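Working notes for the structure below.
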Amino acid sequence: MFLTRFRVNTARSGARRLLSSPQAMHAAVMSSFPALLPTDAPPPDGPRVLWRLDHTTRAEVMLYIVSPDGPDLTHLVEQAGWPAAAAADPAQPGWQSRPYGPLLDRLDTGDRWAFRLTANPVHHARRKDDEPTKRTAHLTPVHQMGWLLKRQEACGFRILEKPDGERLLPSGTTHTGQPHHGDRYELTVRDQRTLAFDKSRGTGSGGARRAPVSLVTVTFDGRLEVTDPQLLRRVLTQGIGKAKAYGCGLLTLAPLGTTGAKR
């Protein structure tokens, strides 16, 4: 497994095109692996390619990739990087990759880490009793946090709780009777985005166009404690939740006390 970081040059038109379309970015990421064909499906129960965009500022966007094999991002450097700088220094191709195995192997029960995750929190609901359930996005921070908290045990970690003296908001229930944890957990939700794009390809004038894809993504930052290293390794290499092809599901770790997403 490899963890790769690539800084996107947001001043370039190619970068803006990729940033505006999760489908285009997915295609660019998958093109980084010569052994993968466009028709290859990810393994049902094994490591896969995961990616995430971290919008540090409007002008600073980092692309993170976790993958079974090391990527070749030459085409991304040419489209959305600094190709002249990369050509001038062969030792710096324009991206950084490092083996992920050492971090995965060192995970142990009781370890504590800072984490970041961009995800697509959804649930299944129906408006009327006689209607089928429909996948629906969680739209409030309370429900989005609840989505992740429900999955923490199955993912091999628990999100740390704040000491009583540091809590500012009481827990309780929402107006619909759902639990509200206040600010009990060391967890924040930010950068909610609604993405909509056309998934159809090669539709001619007589071809039927598919309905646009629409999804809501949010970024979680917080602190966790490892409860089951094997389950957490699986999550780190296979992702969490839906929309993994569109930049969701990649959980990364960093030592406590650090900032940013170098995880």
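Model, not experiment: these values are computed from the prediction.
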Quick one: does [X]'s side chain get under 4.5 Å of [Y]'s, heavy atoms only?
X	Y	value
H55	L53	yes
I159	F220	no
M25	S21	no

Group every Ile, Leu, Val, Met, Phe, Trp and Tyr by side-chain heavy-atom contacts under 4.5 Å, then state whether [X] and [Y] land in the same group.
X	Y	result
L231	L224	no
F2	W51	no
W82	L73	no
L76	L19	yes
L50	M62	yes

List the atom of [X], the atom of [Y], and the distance in Å for their closest heavy-atom pair.
X	Y	result
Q238	K244	O-CE, 3.0 Å
S20	P22	O-CD, 4.1 Å
P255	A114	O-CB, 4.3 Å
P229	T109	CD-OG1, 3.4 Å
W147	R151	O-NH1, 2.8 Å
P121	V218	CG-CG2, 3.7 Å

Would you say the side-chain atoms of [X] pair up with the backbone N or O of [Y], donor to acceptor, closer than 3.5 Å?
X	Y	answer
R52	L250	yes
D228	G156	no
D54	T56	no
R16	A11	yes
T217	N120	no

Just checking [X]: does its [atom1] atom have more than 12 heavy atoms from other residues, nucleotides or ligands closer to it than 6.0 angstrom?
X	atom1	result
R234	CZ	no
R190	CZ	yes
E153	CD	no

Looking at residues at least two apart in the chain, or sitting in another chain, which of them share a salt bridge (Lys or Arg N to Asp or Glu O under 4.0 Å) with D191?
->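 R193.
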Take T237 and L104 through the test side chain to side chain contact (heavy atoms under 4.5 Å, CB included) and record every step on the way to the result.
-> CA-CA 9 Å; T237 57; L104 298 174; 3.8 Å; yes
Under the side chain to side chain donor-acceptor pair (under 3.5 Å) rule, what pairs show up with a residue in residues 66-77, not counting sequence neighbours?
->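 Side chain to side chain donor-acceptor pair (under 3.5 Å) check on residues 66-77 returns D72-T74.
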Take L195 and Y246, measure what side chain to side chain contact (heavy atoms under 4.5 Å, CB included) needs, and give me the verdict at the end.
-> CA-CA 10 Å; L195 309 177; Y246 303 124; 5.7 Å; no
Do V226 and D108 pass the side chain to side chain contact (heavy atoms under 4.5 Å, CB included) test, and can you show the C-alpha distance, the side-chain angles, and the key distance before you say yes or no?
-> CA-CA 7 Å; V226 181; D108 199 4; over 6 Å; no
Non-neighbouring partners of [X] that pass side chain to side chain contact (heavy atoms under 4.5 Å, CB included), sequence neighbours left out:
X	value
T194	S214, V216
R112	R158, L160, E225, L256
P93	W95
P99	P102

Let me see the working for L253 and L107 under side chain to side chain contact (heavy atoms under 4.5 Å, CB included), right down to the final yes or no.
-> CA-CA 11 Å; L253 306 178; L107 294 175; 3.9 Å; yes
Name the orientation class of the two ring planes belonging to F157 and F115 (parallel below 30°, tilted from 30 to 60°, perpendicular beyond 60°).
->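 Rings of F157 and F115: tilted, as their planes differ by 30° to 60°.
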